[in-house]
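Here, residue 1 is the first one in the sequence, and each next residue gets the next number. Just so it is clear, the structure is predicted and the values come from calculations on it, not from any experiment.
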Amino acid sequence: MSAEPSVPALGGRTPTVIRVLVLATFVVILNETIMINAIPRLMADLAVTERAAQWVSTAFMLTMAAVIPTTGWFLQRVSTRQAYAVAMAVFLAGTALSAVAPSFAVLLLGRIIQAGGTAVMMPLLMTTLMTVVPEQDRGRVMGNVTLAISVAPAMGPVISGAVLQIGSWRWLFVLVLPITGVVAWLGMRRLENVGEPQAGGIDSVSVVLAALGFGGLVFGLSRFESGNLTGPAVIVAAGSALIAAFVFRQVRLQRTGTPLLDLRVLLSGTYTKALVLMSVAFLAMLGSMILLPLYLQNLRGLSPLQTGLLVMPGGLAMGLLGPTVGRLFDRFGGRLLVIPGSVGITAALAGFTQISMTMPYWQLLGLHILLMVSLAAAFTPVFTLGLGALARQLYSHGSSMLGTLQQVAAAFGTALVVTVMSARSSTLVAEGADIITAHLDGMRLAFGVSAGLAVIVIVMAVLLPSRAAAVEEVETTSPELVKR
């Protein structure tokens with residue numbers, strides 16, 4: 001991945017290698033959200049509690065957080081085809097195991113294996129894209145990528161809701177299995193290597209620190225709930241301490257040129273601002289993805305399929321706007337898109353603070369579409385600006401750090417909204433309020449906290465430069481990134 005071949009203009013075409021990787025990424029990301037509606041069915045079929053059943057999602061997220069920090073090193077040490085083959089083979093094995101799982105423990109193991117393959121795909125796609133696509137075409141191609149990775153999560157709950165209406169939860173894996181097999185076969189036929197692998201060993205201590213640190217942090221955040229703060233806080237503190245040890249070790253290893261995750265990406269001001277913006281925006285998005293289904297199903301009485309259909313237009317709008325946003329970015333730069341997008345994110349979350357038992361569904365649909373369209377306007381330019389501000393040899397590490405912090409942000413966002421909602425609801429019930437009113441007020445407060453955090457997104461958007469400024473920064477103010 002580190003070679004620096006000449007990159008000719010694409011003339012409006014998307015390279016085959018990117019098309020293949022986008023297709024594979026769509027499949028593995030679709031799988032990440034496909035289990036959301038299956039929790040009640042798992043509880044009944046496998047005789048587990050709701051908290052235990054939630055582990056099919058929690059374990060996936062934990063594994064992603066633990067594995068992604070190692071992908072920067074991994075992608076520099078193997079060829080594109082080898083990385084793709086490993087990722088798809090691992091994902092296929094996990095999917096097959098989950099489909100035939102005789103017990104919940106085996107299903108959990110299958111999900112963990114699936115996550116191991118998924119963790120490699122997104123950094124592989126981003127690193128390859130930044131390497132083979134010339135700067136003037138990156139917005140358009142990144143927009144096509146956004147289409148795939150935005151539509152997949154939106155389709156997951158809808159597909160699972162439809163499948164669960166007529167069949168077992170096992171069909172969620174059985175249906176994915178042949179699709180994954182075809183995509184893997186197609187990829188191995190069409191995929192070409194990009195760049196040359198580098199030689200170098202792996203620091204086992206860094207691997208352990210990354211897995212325990214980031215995994216522990218995500219696990220601790222996922223355990224927060226009203227009335228249970230001490231235990232999770234201790235786990236979060238321990239995870240944070242291990243991450244600090246991991247950071248110090250990477251700084252030390254950078255002197256020999258063999259860090260597991262190269263932290264010199266943070267020397268780029270543009271990348272760091274993009275990282276903060278993406279993390280907070282992802283946190284806000286995940287918070288809304290948790291709160292809306294709870295509101296629609298528990299308070300408004302919609303079925304999982306109805307809930308999926310109501311939020312699907314927003315996800316589709318986000319994905320379908322991706323290519324248009326990319327072309328606008330190529331033509332006008334990032335600020336014209338990112339600043340209005342960040343304001344739209346904040347406005348949509350503020351609008352959700354007005355939810356009630358009588359709010360028309362068209363208003364909910366409008367707010368959700370506004371949120372998703374605003375995220376589309378922000379995500380494609382910020383991805384491109386952030387990674388484009390790095391030297392070529394740091395692309396894999398930059399995409400790995402971005403993926404890691406997205407998992408942490410997802411866990412933090414979930415923990416934050418659930419804790420705020422539960423604490424507020426419990427307080428109101430104790431004061432004599434009825435349960436419906438208490439839950440509604442708790443959700444409003446949680447949306448309000450998310451809207452408050454989204455103000456950080458606006459600040460970062462204002463501070464981000466245009467694309468030209470980002471390129472200039474690499475060339476004039478961060479030469480140490482290239483030299484090292």
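In this structure, the side chains of Phe91 and Val176 come closer than 4.5 Å at one or more pairs of heavy atoms. In this structure, the side chains of Leu261 and Val247 stay at 4.5 Å or more apart for every pair of heavy atoms. Met318 has its side chain out of reach of Val373: every pair of non-hydrogen atoms, C-beta onward, lies at least 4.5 Å apart. For the pair Val325/Leu328, no side-chain contact is recorded, criterion being any heavy-atom separation below 4.5 Å from C-beta on. The shortest side-chain heavy-atom distance between Val338 and Leu277 falls under the 4.5 Å cut-off. By the 4.5 Å heavy-atom criterion applied to side chains, Leu75 and Leu124 are counted as neighbours. Side-chain atoms of Tyr295 and Leu440, non-hydrogen and from C-beta on, do get closer than 4.5 Å to each other. Looking only at side-chain heavy atoms (C-beta outward), Tyr84 and Met121 come within less than 4.5 Å of each other.
Using a 4.0 Å cut-off between charged side-chain N and carboxylate O, Asp441 and Arg444 make a salt bridge.
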Candidate pair Leu23 and Leu186, rule side chain to side chain contact (heavy atoms under 4.5 Å, CB included), full reasoning: CA-CA 10 Å; Leu23 184 59; Leu186 177 65; 4.0 Å; yes

Quick one: do Met359 and Arg300 satisfy side chain to side chain contact (heavy atoms under 4.5 Å, CB included)? Show the steps, please. CA-CA 10 Å; Met359 176 181 268; Arg300 299 296 292 267; 4.3 Å; yes

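Note that CZ of Arg424 is 6.5 Å distant from CG of Leu445, once rounded to the nearest 0.5 Å. Atoms CD1 and CG, on Ile458 and Leu463 in that order, are 12.0 Å from each other to the nearest 0.5 Å. From Leu364, atom CG reaches atom CD of Gln354 across 12.0 Å, with rounding to the nearest 0.5 Å. Atom CG of residue Leu464 and atom CG of residue Leu385 lie 6.0 Å apart, to the nearest 0.5 angstrom. Note that CD1 of Ile159 is 9.0 Å distant from CG of Leu175, once rounded to the nearest 0.5 Å. Here the straight-line distance linking atom CE of Met443 with atom OG of Ser422 works out to 9.0 Å at 0.5 Å rounding.
Relative to the ring axis of Phe329, Arg335 does not place its NZ or CZ within 45° and under 6.0 Å from the centre.
The aromatic rings of Phe447 and Phe352 lie parallel to each other, with less than 30° between the two planes, well short of the 60° mark.
Here the shortest heavy-atom pairing between Gly314 and His368 reads CA-ND1, 3.7 Å. In plain terms, the two heavy atoms of Ala119 and Thr71 that are nearest each other are O-CG2, 3.7 Å.
Counted within 6.0 Å of OH on Tyr361, heavy atoms from surrounding residues, nucleotides or ligands total more than 12; the atom is thus considered enclosed.
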